[in-house]
Amino acid sequence: MKEELATRYDPSTFEQRLYASWEAAGYFTPVVDRERPKFTIVIPPPNVTGRLHIGHALVNTLQDIIVRWKRMSGYNTLWLPGTDHAGIATQMVVEKQIAKEGLTRFDLGREKFVERIWQWKEQHSSEIKDQLTRLGASCDWTRERFTLDEGLSRAVRYVFVKLYEDGLIYRGIAMVNWCPRCLTAISDVEVEFRERNGKLYHIDYPIADTDRRVTIATTRPETMLGDTGVAVHPDDERYKDLIGRNAILPIANRPIPIVADAILVDPEFGTGVVKVTPSHDKNDYETGKRHNLPQLQVIAEDGRMTAAAGKDFEGLDRSDARKRVVDLLTEQGYLVKVEDHPHNVGVHGKCDTDIEPMVSLQWFVKIEPLAKPAIEAVRSGAITITPETWESTYFNWMENIHDWTISRQLWWGHRIPAFHCTNGHTSVSVDDLVTCPECQAPVTQETDVLDTWFSSGLWPFSTLGWPDPTPDFETFYPTDTLITGFDILFFWVARMIMMGLRFTGQPPFTRVFLNGLVRDEQGRKMSKTIGNVIDPLDVVNEVGADALRFTLAVATSGRDIPLGKSRIAGYSAFVNKIWNASRFALMHIDTDLKHAGPIDRDRLRTVERWILSRLNAVTAEVNEQLSVFRFDEAASACYQFFWHEFCDWYIEMAKPVLLGRHGSDNDRKLAKRVLLEVLDRSLRLLHPFMPFVTEEIWQKLGGVEPSIMIAPYPIAEDVLEDPEAERLADAVKAIITTIRNVRAERGFTPKDRFRLTLRGNDDRDTNFFRENAYLLMELARLTEVSTDGTAPDHAHHDVVEGFRLAIEFPEKEVSQEQLDRVRREIEKSEKELASLDAKLANEQFTGNAPPQIVAGARARQSELRSRLETLRKNQ
RNA sequence: AGUCCCCUAGCUCAGCUGGUUAGAGCGCUACCUUGACACGGUAGAGGUCAGCGGUUCGAGUCCGCUGGGGACUACCA
């Protein structure tokens, strides 16, 4: 039998209890059954480093909405959770931690340091689970994975070896992005560009054996110490005679050749003379190769100047070296001028350190053969990306992609499974090697580790047991939907597509939804310095997970998400509303779902048929919108229906019957049955958005299933559609609204009651109101509703939804304000009618517009005519 | 520099393949403690849909230009 709900909505009393009960019941864990239709999502694995922010709350709420919806819709649903070892980020965190003990990772040594990170990971990885739990995320925790765990590590080695054998992984010397702070190479996507107000230094380079000088310009004067050439355009008349001569590098006083290079030099730009620093600039590196210019490394891996920079500079940090170079150039008269020069500087996204282009020996993935099928998969529609606009961004990037630098000079990560022997052979192997397969000499393993994203790229299949043909892999792969932030489209999504296609022969997922960035109410990024950061756990503690989830969902259209306290407050009011409406319903419902039996539809009154019809329409809408990731539309459809149709109108309309002021016992029984039905369906509809409050209430309804999360998701049924009931209910609502409106405008209070005369277009409509007069009397507070009388002149006349009505106010002076109002109303209608008349007189319109549009215009025209006529009576 | 997106009520945003009277949330005004709810109810004010031009019987919606804002990619020394 039914129980009552607590008087006050207090999520803290039930959210955690409910989550624990779901998990204990095993609802999050799908069965391994290939016969059943499945639905799979893998979580974008959060970094093991620390707390979830609002962006995580968003992406995981959206996933949970889809997952709960699919699960209730009958799919064997797996949401696989896990975390990412996040190479650099995690290493940085632990380095900071040991720094407090006055230690560096070099003090500890590789083995001890990695051990420390593992300890740290064990302590912190459960925090992620706890936080996701508080949000209500229905992940299958029995399948939780970590990118460095054994199975995934094996997948990583397998893939590395395979790509190497296929010639798609190579080791070589190239110019890479080097982070002098993290002491590692990073890939192109990890470089972020920041706008800086830099300077452009113009420096004179004397020409050897002449008294001529050429002026070059540079933003990085310290690199001049590494110049090994000067380039001009071959067709530039100004410098033609200099080609083949030497310039004298100031400060270093070294002769360097002047070469002609059409690729590097744009004669229109600056002076048309360019310094060439093959060791410290990407373009100069290529230029150097073209002209056989030597490389001279003047900046070391740690960002300090090398001995080759000269003893004045050796050991100086690159920024100090810049000042010193500028000072010396000034002293010696080589510095011509310095101008402000705003430009973009590449920095390491993780630590904000300026990237140093550096020539070094690294491992790379030859990317084009992988990118091609990945482009095709999206182009062909095998994978769709939502919002669609991201597809062009994807193509743009994939078509111009460069080889992927995958080696990192870090200690935390998957150590590259390559083995070097003393004779210079390199072998790769899934299993550790002790001796060189070629010469039997002892081998040592490569010290570099792999880019974190190398292992994340395998996530959709490595987590399911691949490369073994495990039951999980066979059952749940490929996954269906991927939901993640657009910011990792290149880092992660693109790489999963490439790797998935290459190694499983299938797209790793068929649909991608990219969510936007969570911003504050003014559209600013959340940042600690502005102080506008919202911590999702704080919100959950204050108002509950449901309010936060709903707020995030209702704001998710595909673009960035504005989120603020007032918004959250607005939707926590909605949760409260659901609670209280349910409390009201539970006071009147006297049977539980198990014993309710089917609804006798033939005996339903119009208002009941109306609310069921509307609920049915909303059900169709929600399913439709969720299927295209319109979380906002789906959520607000629920919101509008529950609050503004069910609470504001249906409950109020049902009260006279429920409270025994109107109708028979049987009417009351039916009303209660419908109330139960609407509440049940609404809660199930809302459950993916608000798992906790819907479960807490639904438990009181006594359903067949032990939990709402495994109850079937509502689907629309044609039999519930009832346009006639909707038309009449709309008329009732509009008439009531008009009466309330005029009453207020005329300065009466809700306590003042009047008589109403009402007439429909035909007898059926008039009869409807004769039978349902109590609705108007109760909701519009009338003394009597007459369907055949005539109204006195001093009544207020109007036409609403085709019904002529007259509200019989006592003779009371109508203010000038009121008369003005009526006049404005008349003018508005006249204006509209005039434009409609013109439109309908236009044969181009009546001939070309679709018939229903023309018919609609005609109907509106006649309504306006009759309304105008009636309104004029009020003057 | 290239590509893309945005400009609709005071604020934040919806408006799908062009079609009746342009919507929501928050905020604002007035009234109401009515038996689920003041995290409430009722009613209301508020918009030349950035500007200009074009296509069309018809444009917030399609096309072009201008202005303003943003994102991504690349980067000229």
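Quick note on labels: first sequence line is chain A, next is B, and so on, each numbered from 1.
- In this structure, A/Trp643 and A/Phe574 have parallel ring planes: the angle between them is below the 30° cut-off, well short of the 60° mark.
- OP1 or OP2 of B/A14 lies within a sub-4.0 Å distance of a side-chain N or O belonging to A/Ser557.
- B/A59 and B/G18 are spaced 13 Å apart, taking the P atom of each and rounding to whole Å.
- Rounded to an integer number of Å, the gap from A/Leu779 CG to B/G41 C1' is 12 Å.
- Across B/G60 and B/U55, the matching P atoms stand 16 Å from one another, rounded to whole Å.
- Residue contacts for A/Glu843: at a heavy-atom cut-off of 4.0 Å it reaches no nucleic acid atom on any strand shown.
- At the phosphate of B/C76, OP1 or OP2 sits under 4.0 Å from a side-chain N or O atom of A/Asn283.
- Checked against the 6.0 Å centroid threshold, A/Tyr571 and A/Tyr639 count as a close aromatic pair.
- Taking the six-membered ring where tryptophan is involved, the planes of A/His662 and A/Tyr774 are essentially parallel, since the angle between them stays under 30° and well short of 60°.
- Nearer the 5' end of RNA chain B, as judged by each residue's closest nucleotide, is the contact made by A/Asp560, out of A/Asp560 and A/Leu836.
- When A/Asp281, A/Thr223, A/Asp284 are each tested for a side-chain hydrogen bond (donor to acceptor under 3.5 Å, both in side chains) with A/Lys275, only one passes: A/Thr223.
- The interatomic distance linking A/His644 (NE2) with B/U42 (P) rounds to 9 Å, in whole Å.
- Using atom C1' as the reference point in both B/C16 and B/G40, the two lie 35 Å apart (nearest Å).
- Mapped onto RNA chain B by nearest heavy atom, A/Asn741 and A/Leu200 fall at different nucleotides, with A/Asn741 at the one closer to the 5' end.
- The separation between A/Asn848 atom CG and B/U56 atom C1' is 9 Å, rounded to whole Å.
- Contact record, A/Asn515 with A/Gly485: OD1-N, 3.5 Å, taken as the closest heavy-atom pair.
- Here the nucleotide nearest the side chain of A/Ala744, chosen from B/A43, B/A77, B/C72, is B/A43.
- Using a 4.0 Å heavy-atom criterion, one finds that A/Arg220 contacts no nucleic acid atom at all.
- A/Ile568 has its CD1 atom 13 Å from the C1' atom of B/U12, to the nearest Å.
- As judged by a 4.0 angstrom heavy-atom cut-off over every strand, A/Arg860 is placed among the base-contacting residues.
- The phosphate of B/G44 (OP1 or OP2) has no side-chain N or O of A/Arg746 nearer than 4.0 angstrom.
- Within the 4.0 angstrom heavy-atom criterion, only backbone atoms of the sugar-phosphate kind lie near A/Asn842; the bases stay farther away.
- Within the nucleic acid shown, A/Glu633 comes within 4.0 Å of sugar-phosphate atoms alone, with no base atom in reach, counting heavy atoms only.
- A donor and an acceptor atom, one from each side chain of A/Asn197 and A/Asp340, are nowhere located under 3.5 Å apart.
- Between A/Ile263 atom CD1 and B/C75 atom P there is a gap of 16 Å when expressed in whole angstrom units.
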Scan nucleotides 30-40 of chain B nucleotide by nucleotide, 5' to 3', and note B when protein non-hydrogen atoms come under 4.0 Å of the base, S if they reach only the sugar-phosphate, - if neither. ---S--BB-BS
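- OP1 or OP2 of B/A14 sits under 4.0 Å from a side-chain N or O of A/Arg559.
- For the C1' atom pair drawn from B/C49 and B/A9, the interatomic distance equals 10 Å after rounding to whole Å.
- Looking at the side chain of A/Phe845, the nearest of the listed nucleotides B/C57, B/C4, B/A77 is B/C57.
- Both tests pass for A/Arg495 against the ring of A/Trp404: distance under 6.0 Å to the centre and angle within 45° of the axis.
- Using a 4.0 Å heavy-atom distance criterion, A/Arg630 is classed as a sugar-phosphate-only contact.
- Cation-pi contact between A/Lys655 and A/Tyr650: absent, since separation from the ring centre below 6.0 Å together with deviation from the ring axis within 45° is not met.
- The six-membered or imidazole ring of A/Phe490 lies away from that of A/Tyr394, with a centre-to-centre distance of 6.0 Å or more.
- Straight-line distance between the C1' atoms of B/C4 and B/G58: roughly 30 Å, to the nearest whole Å.
- Between B/U8 and B/G23, the distance separating the two C1' atoms is 10 Å to the nearest Å.
- Contact record, A/Met224 with A/Ile203: SD-CD1, 4.5 Å, taken as the closest heavy-atom pair.
- If you take CG of A/Leu264 and P of B/A77, they are 11 Å apart, rounded to a whole angstrom.
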Structure string for RNA chain B in dot-bracket form, Watson-Crick and G-U at under 3.5 Å, | interchain: (((((((..((((.....[...)))).(((((.......))))).....(((((..]....))))))))))))....
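- The separation between A/Glu195 atom CD and B/A1 atom P is 12 Å, rounded to whole Å.
- Rounded to a whole Å, the CZ atom of A/Arg567 is 10 Å from the P atom of B/U12.
- Taking atom C1' on both B/G25 and B/A71, the two are 26 Å apart, rounded to the nearest angstrom.
- Rounded to a whole angstrom, the distance from the P atom of B/G46 to that of B/C5 is 35 Å.
- Figure legend: A/Arg379 and A/Phe395 shown as a cation-pi pair, the cationic atom lying under 6.0 angstrom from the six-membered ring centre and within 45 degrees of its axis.
- Taking the centre of each ring, A/Phe513 and A/Phe631 come in below the 6.0 Å mark.
- When heavy atoms are screened at a 4.0 angstrom cut-off, A/Phe193 is found touching base atoms of the nucleic acid.
- Among the protein residues, A/His341 comes within range of the sugar-phosphate backbone only, with heavy atoms under 4.0 Å from sugar or phosphate atoms but none that close to a base.
- The phosphate of B/C11 has neither OP1 nor OP2 within less than 4.0 Å of any side-chain N or O from A/Ser566.
- Taking only side-chain atoms of A/Ile853, from C-beta outward, the nucleotide of B/A74, B/G19, B/C5 with the closest atom is B/G19.
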